Amino acid sequence: MNTDILTVPTTLENAHLPREMDGSSGSNRATGNRSQIKADNDIDAIKAWLARFWDTKTTFDNYRKEAERLLLWSTVQLGKPLSSLTHEDWLSYQRFLAYPEPATRWVMRDKRKFSRKHPEWRPFSGPLSLGSQRQAAVILNVMFSWLVNAGYLAGNPLSLSRQRSRKAKPRITRYLEDELWSEVKQSIEAMPKETERQCEQYCRLRWLFSLLYLCGLRISEVIVNTMGSFFCRRDRNGQERWWLEILGKGGKLRIVPATNELMLELSRYRTAKGLTPLPLQAEQLPLLLPIGSRTDAMTRGALHSIVKKVFQQTAERLRQRGEQYFALADRVEQASAHWLRHTAGSHMANNDIDLRHIRDNLGHESLSTTNNYLHTTDDARHTETEAGHKINW
């Protein structure tokens with residue numbers, strides 16, 4: 001019998017629980033009903049729940065992290081299966097999240113974040129903030145509710161927690177105001193262009209920021225979609241309009257207006273790469289390519305680093321102007337790639353683009369079946385986006 005997990009936390013995929021800890025006989029297991037999942041132990045039940053999110057990496061990673069932490073705390077610290085947890089156990093776990101002790105067992109040293117395969121990996125990089133504690137509660141409540149609905153658990157130990165009234169979502173604040181957005185573009189324009197490689201880097205940055213801003217794309221959407229996703233069709237007046245079909249979050253498809261500005265940047269970028277100005281039908285090249293001759297898709301981390309470096313350079317330029325610019329520098333330094341998506345949405349709204357068109361451009365809601373045939377609505381959306389949403393390099 002392997003009992004190592006009772007003393008040393010390990011990742012979910014490497015966890016091997018003895019029978020008395022694996023939840024096959026957990027005190028909160030549902031009895032007398034037919035379970036809707038095959039799982040007969042807690043690890044398999046968690047994996048069945050996580051399988052619903054495999055196609056959305058960020059969600060999957062966050063949900064796995066919280067489920068993994070609770071499973072490990074339950075078995076290692078408390079000495080009982082996850083499927084035997086009570087409401088009182090949940091209250092104890094909430095206190096543990098604020099102070100995961102002993103730190104040598106639970107927290108990675110020096111606040112470092114080791115990979116999941118590293119021998120010094122631990123479930124935590126430090127105590128959780130109040131916001132992170134609330135996030136954990138939300139995710140685990142979703143998990144327990146699903147396991148109850150699936151017929152695996154008899155009840156949700158979190159359901160007795162105090163229910164706070166739902167507050168209206170706050171306004172988006174993580175975006176770049178016009179002044180900061182202008183500074184970011186100036187940082188890109190100030191890049192050196194003396195060598196062929198520098199010119200390629202400059203064109204790639206313009207293209208990446210154009211995609212993220214003009215189309216409001218997520219980083220993941222830049223990675224998984226291809227040049228062949230561009231297509232052209234005529235509107236009812238015979239005018240050719242370019243579109244970009246995006247496979248987005250949750251496997252949902254949407255089409256985004258490819259404005260004249262975007263198509264000019266696309267042609268500039270492709271020409272710098274030695275490609276035809278416009279993509280060929282069904283072309284499989286990624287929307288963004290590495291520098292040089294490689295044609296594979298770039299990683300999420302690489303794209304985040306590229307965008308972050310521009311924000312850092314912008315912050316440095318602002319600080320060089322004096323103390324009155326320090327606040328702006330601090331703000332742009334906090335920005336991430338996703339801020340550009342919020343910036344796109346905010347600027348479109350500020351420029352009085354119809355909120356329905358903004359919704360469809362960003363893919364906040366799936367289109368109904370009928371909308372597949374309403375090309376006049378699409379044409380109006382293209383016209384408004386073209387007229388009111390420009391990058392102005």
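When reading the values below, keep in mind they use all heavy atoms of this one structure, side chains included, and skip hydrogens, waters and symmetry mates. Because the structure is predicted, anything quoted here is derived from the model rather than measured. The chain is numbered in sequence order, starting from 1.
A search for side-chain contact (heavy atoms from CB on, under 4.5 Å) contacts involving S305 returns nothing, not counting sequence neighbours. Taking Y213 as the reference, W181, H347, H389 meet the ring pair (Phe, Tyr, Trp, His ring centres under 6.0 Å) condition, with sequence neighbours excluded. A search for side chain to side chain donor-acceptor pair (under 3.5 Å) contacts involving E88 returns T86, not counting sequence neighbours. Taking the side chain to side chain donor-acceptor pair (under 3.5 Å) definition, one finds that K273 meets it with E200, sequence neighbours left out. Taking the ring pair (Phe, Tyr, Trp, His ring centres under 6.0 Å) definition, one finds that H304 meets it with nothing, sequence neighbours left out. For S84, the side chain to side chain donor-acceptor pair (under 3.5 Å) partners at least two apart in sequence or on another chain are S27. Taking the side chain to side chain donor-acceptor pair (under 3.5 Å) definition, one finds that T276 meets it with R270, sequence neighbours left out.
Side-chain atoms of E384 do not come within 3.5 Å of backbone N or O of H382 as any donor-acceptor pair. Under the 3.5 Å distance criterion, the side-chain polar atoms of N237 are left unmatched by any main-chain donor or acceptor of Q239. Side-chain N or O atoms of E245 include none that pairs as donor or acceptor with a backbone N or O of S229 at under 3.5 Å. A donor-acceptor contact shorter than 3.5 Å links the side chain of Y152 to the backbone of D42. Within the 3.5 Å criterion, the main-chain N or O of N392 finds a donor-acceptor partner in the side chain of E261. Looking at S182, its side chain never comes within 3.5 Å of a backbone N or O of D178 through a donor-acceptor pair. At distances below 3.5 Å, at least one donor-acceptor pair connects side-chain atoms of N351 with backbone N or O atoms of G388. Remark: side-chain polar atoms of S74 are paired, donor with acceptor, to backbone N or O of K80 under 3.5 angstrom. Looking at N225, its side chain does come within 3.5 Å of a backbone N or O of L247 through a donor-acceptor pair. Under a 3.5 Å cut-off, the side chain of Q198 and the backbone N or O of E194 do form a donor-acceptor pair.
At a threshold of 4.5 Å between side-chain heavy atoms, the hydrophobic network of Ile, Leu, Val, Met, Phe, Trp and Tyr places W49 and L70 in one connected group.
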Stepwise, does the side-chain contact (heavy atoms from CB on, under 4.5 Å) test hold for R206 with I188? CA-CA 7 Å; R206 277 185 62 124; I188 295 173; 3.9 Å; yes

Could you walk me through whether R241 and T383 pass side-chain hydrogen bond (donor to acceptor under 3.5 Å, both in side chains), step by step? CA-CA 9 Å; R241 298 178 185 271; T383 299; 3.1 Å; yes

Give the C-alpha distance, both sets of side-chain angles, the deciding distance and a yes or no for side-chain hydrogen bond (donor to acceptor under 3.5 Å, both in side chains) between R300 and T58. CA-CA 11 Å; R300 180 190 298 259; T58 302; 3.3 Å; yes

Before giving the answer on side-chain contact (heavy atoms from CB on, under 4.5 Å), spell out for N41 and D44 the whole-Å C-alpha distance, their side-chain angles and the decisive distance to 0.1 Å. CA-CA 6 Å; N41 62 69; D44 286 346; 3.0 Å; yes

Go through the steps for S129 and S132 under the test side-chain hydrogen bond (donor to acceptor under 3.5 Å, both in side chains), then give the verdict. CA-CA 5 Å; S129 66; S132 295; 3.2 Å; yes

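R95 and Y99 share no donor-acceptor pair across their side chains, judged by distance under 3.5 Å alone. Side-chain contact, Q334 with W339: no donor N or O sits under 3.5 Å from an acceptor N or O. Residues S336 and R174 bring no donor and acceptor atom of their side chains to less than 3.5 Å of each other.
L160 places a side-chain heavy atom less than 4.5 Å from the side chain of H87. Taking the side chain as every heavy atom from C-beta outward, F60 and R52 never approach each other to under 4.5 Å. For the pair E183 and L328, the minimum side-chain heavy-atom distance is 4.5 Å or more. Between I246 and L217 the shortest side-chain heavy-atom distance falls below 4.5 Å. Side-chain contact between L340 and Y175 is absent, with no heavy atoms from C-beta onward closer than 4.5 Å. Between F230 and W242 the shortest side-chain heavy-atom distance falls below 4.5 Å. With contacts defined as side-chain heavy-atom distances shorter than 4.5 Å, the pair D296/P286 does not qualify. For the pair E120 and R109, the minimum side-chain heavy-atom distance is below 4.5 Å.
Within the structure, ring pair (Phe, Tyr, Trp, His ring centres under 6.0 Å) contacts touching residues 114-143 (residues at least two apart or in different chains) are F96-F124, F114-H118. Residue pairs meeting the salt bridge (Lys or Arg N to Asp or Glu O under 4.0 Å) criterion with at least one member in residues 30-41, sequence neighbours excluded, are R29-D40. Applying the ring pair (Phe, Tyr, Trp, His ring centres under 6.0 Å) definition to pairs two or more places apart or across chains, none involves residues 311-330. For the salt bridge (Lys or Arg N to Asp or Glu O under 4.0 Å) condition, the pairs that include at least one residue of residues 210-228, sequence neighbours left out, are R218-E221, E221-R254. Counting only residues at least two apart or on different chains, the salt bridge (Lys or Arg N to Asp or Glu O under 4.0 Å) pairs with a member in residues 330-349 are E177-R331, R319-D330, R319-E333.
Closest of all the heavy-atom pairs between G155 and N28 is O-ND2, 2.8 Å. In terms of heavy-atom proximity, L176 sits nearest to A335 at CD2-CB, 4.3 Å. Between P123 and L72 the shortest heavy-atom distance is CG-CD1, 3.8 Å.
Counted within 6.0 Å of CD on E323, heavy atoms from surrounding residues, nucleotides or ligands total 12 or fewer; the atom is thus considered open. Atom NZ of K249 sits in a sparse spot, with 12 or fewer heavy atoms from other residues, nucleotides or ligands closer than 6.0 Å. Counted within 6.0 Å of CD on E179, heavy atoms from surrounding residues, nucleotides or ligands total 12 or fewer; the atom is thus considered open. Within 6.0 Å of NZ in K309 there are 12 or fewer heavy atoms belonging to other residues, nucleotides or ligands. More than 12 heavy atoms of other shown residues, nucleotides or ligands fall within 6.0 angstrom of atom NZ in K193.
Ion pairing between a basic and an acidic side chain is recognised when a charged N comes within 4.0 Å of a carboxylate O; K65 and D61 show no such pairing.
The side-chain contact (heavy atoms from CB on, under 4.5 Å) with M143 is formed by just one residue from the set N156, I46, L50; it is I46.
Within the model, atoms CD1 of I358 and CZ of R381 stand 11.0 Å from one another, a figure rounded to the nearest 0.5 Å. In this structure, E283 CD and L275 CG are separated by 6.5 Å, a value rounded to the nearest 0.5 Å. Taken to the nearest 0.5 Å, the CG atom of L211 stands 7.0 Å off from the CG atom of L244. The distance from the CG atom of L17 to the CG atom of L71 is 6.0 Å, given to the nearest 0.5 Å.
Because its NZ or CZ atom is both nearer than 6.0 Å to the ring centre of W243 and within 45° of the ring axis, R233 counts as a cation-pi partner of that residue.
Checked against the 6.0 Å centroid criterion, the rings of Y93 and W73 qualify as a close aromatic pair.
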